[in-house]
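Worksheet: the structure to be examined is printed underneath.
All figures in this text were calculated on a predicted structure; none of them were measured in a lab. Letters A, B, ... mirror the listed sequences (proteins, then strands); counts begin at 1.
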Amino acid sequence: MKTFALAGNPNCGKTTLFNALTGATAHVGNWPGVTVDKREGVYKTSAKKQKGNAAVNMAIVDLPGIYSLSPYTPEEVIARNYILNDRPDGIINIVDATNLERNLYLTTQLLETDVPVIIALNMMDEVEKSGDKINAAALEGALGVPVVEISALKGTGIDKLMQRAAQLPATRRGQTVLKDALGKQIDTACAYYEAEGVPSPLFHALKLLENDEIELERKGAQTVLDEVAAGADLEAAIADERYKFISGKLAGAKTKAKRGALTKSDKIDRVLTHKIWAIPVFLVVLFFVFHLTFSENLFFLNGFTEAQGWMPSLVDLGLAAEVDGSVEYNNFGVELLAVLYDGTVFSPGVILTNFLNLFLDHISDGVVTLMENAGAAQWATGLVGDGIFGGIFAVLGFLPQILTLFLFFSLLEDSGYMARIAFVLDRIFRRFGLSGRAFMPMIMGFGCSVPAAVNTRTLSDEKERTATIRVIPFFSCGAKLPILTAVAGGIVAAFGVGNSDLITYGMYVLGVASAIVCVLLMRNTSLKGETPPFIMELPTYHWPKFKNLMLHLWDKTKHFVKKAFTIIFASTVIIWLFSHLSFKWGYLPDEEMNSSILASIGMLLQPVFTPLGFGSQLGQFGWVFAVAAITGLVAKENVIATFTTLALCIGAYAGAGTEDGVEELSGLIAAITADTGISQGQFVAGLIAFIAFNMTTIPCFAACATAKAELPKGKFKWTLLFWLAASFVIGAAVYTVGAWWWTLFIWLAVIAVVTTFIVLRNIGKFDILRLFKIRRKSNKEE
Amino acid sequence: MNKLLSDFAVGESGRIVRVTGEGRLRRRLFDIGVTPDAEVTLRKRAPLGDPIEVTLRGYELTLRKTEAACVDVELNGGKAE
């Protein structure tokens with residue numbers, strides 16, 4: 001089977017063509033060593049289309065979007081290595097006909113390799129719409145390779161393209177458009193590579209003349225370059241000549257129609273990047289994205305506050321009844337209605353979640369009932385119902401909202417708006433050593449860390465990506481909100497002090513502040529590097545393609561489900577086992593979780609949390625906090641679920657379980673206060689430190705699995721360590737400052753010393769290693 | 001009259017004379033079409049004054065002022081087109 005590589009600029013319709021060519025056969029992986037998408041698929045021509053010829057299958061490899069074959073971005077290196085080392089049977093170079101000049105720049109470089117090339121002139125329909133004309137035959141004559149007009153979006157010209165691709169000769173000699181201007185220099189360099197026996201000598205020769213880092217590593221290359229260049233700036237000359245050739249040839253191939261001063265994109269941009277309105281408009285867009293994904297009160301139809309609520313709940317309507325604290329629906333129809341509406345109208349994201357959970361609950365209940373009827377032991381039904389199903393469903397339950405959020409952000413990305421947001425916000429983010437693009441993944445973190453970590457792929461700089469992925473969990477996600485509200489509610493209920501909304505809000509601010517501090521810290525120490533340049537195309541706005549969006553979401557779903565059934569599944573089962581087994585390997589029901597292996601581990605770990613205010617000082621019940629933090633590793637929802645279960649176990653709370661866990665926590669707080677006589681100030685500080693710890697520590701398994709997949713090789717274990725260290729320091733700071741306000745000065749002093757140390761080290765005035773060496777030497781002398 | 005692209009006022013246009021800067025940044029600028037002889041027009045500034053948006057070779061490009069300071073342009077005098 002012949003293999004063809006798809007190469008082209010970013011935003012030239014490459015993905016659309018790839019999807020049109022390969023359809024359902026495409027599979028996505030990563031290029032070795034980097035997390036840039038590697039997409040491969042098979043193009044099948046039916047025998048009918050070929051008219052008499054046998055069906056020909058061609059493997060299609062989608063190279064990342066690039067502007068050039070220079071080795072400066074991971075995308076460029078991947079494309080270059082693939083073309084030179086894997087030597088495909090041909091390159092299909094997609095050229096955006098609406099932006100011919102810049103797109104052909106890459107073409108001139110592709111033509112220098114020895115690989116056969118065919119050009120797909122894409123978006124011809126849009127060119128015609130604008131009134132311009134491009135003469136494909138003239139272009140073909142000028143470039144010396146086949147040029148086929150297509151519209152990837154409408155699917156026209158694709159069969160013709162692939163027919164001509166199949167007819168490409170097996171070999172081709174590289175050719176350059178620079179022969180006239182730099183013929184002599186090129187020949188000398190070319191002779192050097194031919195003598196070395198390198199394939200595609202012409203390509204390498206030109207890269208050498210362009211001062212290419214990779215070429216200069218070759219022995220003797222520098223000498224050749226110095227001799228040929230003789231001090232001239234060949235790099236500028238080559239770029240200049242390439243463009244000169246293109247504009248020269250274009251003059252014959254393209255006729256431009258007169259057009260009005262403002263295109264549609266310009267008009268949209270007048271609002272979306274407006275001096276004053278840009279940021280407010282963006283905030284409104286962002287609000288709607290989150291509102292449509294997470295809100296349980298769509299468009300505030302049920303009023304802005306609880307007091308304004310006027311919609312009756314299903315119980316009020318007599319369609320359901322409350323039995324033992326849980327709601328029972330009269331029939332399945334009402335249960336389905338509850339997916340959409342129960343006292344308020346839900347947002348699309350919530351509706352999808354409810355629907356999936358309804359479906360999953362029925363499966364789980366069905367299996368458990370079946371097992372009970374068959375007389376299975378209690379531990380077995382517990383393991384299957386709570387451990388296996390509970391664990392997987394806890395993670396799968398996120399999927400609808402993750403996908404909804406992802407859909408909205410893909411829409412913003414594909415339409416071209418995301419690039420404008422980066423444009424508008426770059427100024428702010430540069431201060432922290434990041435580019436404007438880092439904003440999106442961070443803000444997505446408030447929804448869910450999983451799509452947020454995947455979204456960091458839009459960042460081109462690896463260090464910037466690593467730093468961003470590490471701080472994403474600090475942007476407190478939807479699943480952490482219950483921890484905030486329950487603990488804050490518990491504090492207010494137990495002590496009658498403070499305001500729970502204010503505490504919750506404060507914790508969000510603390511998370512963002514921690515993220516900023518940590519990014520600054522990393523960008524000045526372990527992930528030091530220059531602020532990546534911000535040179536970016538602002539694509540024209542266009543409607544996203546439905547098919548592309550769906551394929552995109554399908555990829556993500558596959559990925560996530562696979563993860564849910566492997567790593568996440570194994571981890572949840574282990575935690576369940578630990579929390580339901582005693583050391584004698586006997587099964588313990590939920591009510592006796594306090595004598596489980598997990599509880600023992602919690603008691604063992606309890607002193608570790610003492611500096612954070614929720615360790616040994618909380619006495620005999622304090623281990624509950626340690627256990628809650630551990631179960632939170634599976635999914636942050638588990639933190640409060642663990643509290644409610646354990647509060648019942650240890651008899652701190654005796655009522656029926658409540659949904660938000662506030663009363664259980666308040667009972668637990670009262671029990672601990674009675675037991676240890678701890679002062680209110682210290683306890684409150686410890687509880688707030690507990691929230692801060694959970695917010696900044698290792699995120700849930702789903703987020704960890706995603707981070708591991710998205711981070712560069714070898715960075716994941718450091719990231720775990722970073723999360724642990726950061727959460728301990730932040731927790732300890734919150735506790736000590738909260739309990740004894742004057743410790744603030746100690747913290748400030750420590751921060752000042754660390755900052756001074758880093759600044760001095762970075763300007764090279766202070767070298768701790770050298771200091772030690774000197775000390776060691778003087779010791780020896782003594 | 002020559003002027004750095006970073007000092008352009010909105011609406012000003014000109015022809016690029018020279019591109020300076022260290023290797024990687026310069027290469028990137030070349031690759032994306034910022035080369036001598038190219039016509040460039042400053043379209044707008046971001047709401048916070050930086051980065052800037054320019055029209056170049058028929059498309060919209062955004063870059064920071066620090067990067068635009070590497071681009072030396074011969075001013076056209078009047079407004080573009």
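Contacts with chain A (heavy atom to heavy atom, under 4.5 Å) involve these residues of residues 60-69 of chain B, listed by number: E60(B), L61(B), T62(B), L63(B), R64(B), E67(B).
In this structure, chain B has heavy atoms under 4.5 Å from both the backbone and the side chain of E235(A). With a 4.5 Å cut-off on non-hydrogen atoms, L56(B) does not touch chain A at all. Interface residue R102(A): only side-chain heavy atoms are found under 4.5 Å from chain B. Looking at S435(A), the atoms closer than 4.5 Å to chain B (heavy atoms on both sides) sit in the backbone and in the side chain alike. Residue contact with chain B, scored on non-hydrogen atoms closer than 4.5 Å, is absent for N211(A). For chain B, the nearby part of Y105(A) is the side chain; its heavy atoms alone come within less than 4.5 Å.
The distance from the OH atom of Y59(B) to the CG atom of N9(A) is 8.5 Å, given to the nearest 0.5 Å. Atom CD1 of residue I279(A) and atom CG of residue L48(B) lie 5.0 Å apart, to the nearest 0.5 angstrom.
A 6.0 Å sphere centred on NZ of K249(A) holds no more than 12 heavy atoms belonging to other residues, nucleotides or ligands. In this structure, K528(A) places its NZ atom where more than 12 heavy-atom neighbours from other residues, nucleotides or ligands lie under 6.0 Å away. With a 6.0 Å radius and a threshold of 12 heavy atoms from other residues, nucleotides or ligands, R18(B) has its CZ atom at or below the threshold.
Proximity of a side-chain donor or acceptor of K44(B) to a complementary backbone N or O of D269(A) within less than 3.5 Å is detected.
For the set E76(A), E210(A), E213(A), the count of heavy-atom pairs under 4.5 angstrom toward chain B peaks at E210(A). Between chain A and the options R28(B), R45(B), R24(B), heavy-atom pairs under 4.5 Å are most frequent for R24(B). Counting heavy-atom pairs under 4.5 Å between each of R420(A), M536(A), Q109(A), E537(A) and chain B puts M536(A) at the top.
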* Yes or no on salt bridge (charged side-chain N to carboxylate O under 4.0 Å, His left out) for R43(B) and D266(A), after CA distance, side-chain angles and deciding distance? -> CA-CA 10 Å; R43(B) 289 288 301 272; D266(A) 293 335; 2.8 Å; yes
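Closest non-hydrogen pair, A46(B) versus V424(A), comes out as CB-CA, 4.4 Å. Closest approach of I32(B) to Y243(A), counting heavy atoms only: C-OH, 3.9 Å.
Between D50(B) and R430(A), the closest side-chain pair of non-hydrogen atoms falls below 4.5 Å. Within the 4.5 Å cutoff, the side chain of R26(B) has heavy atoms near those of the D233(A) side chain.
For the residue pair S70(A) / D31(B), a side-chain donor-acceptor distance below 3.5 Å is found, with atom types taken as modelled.
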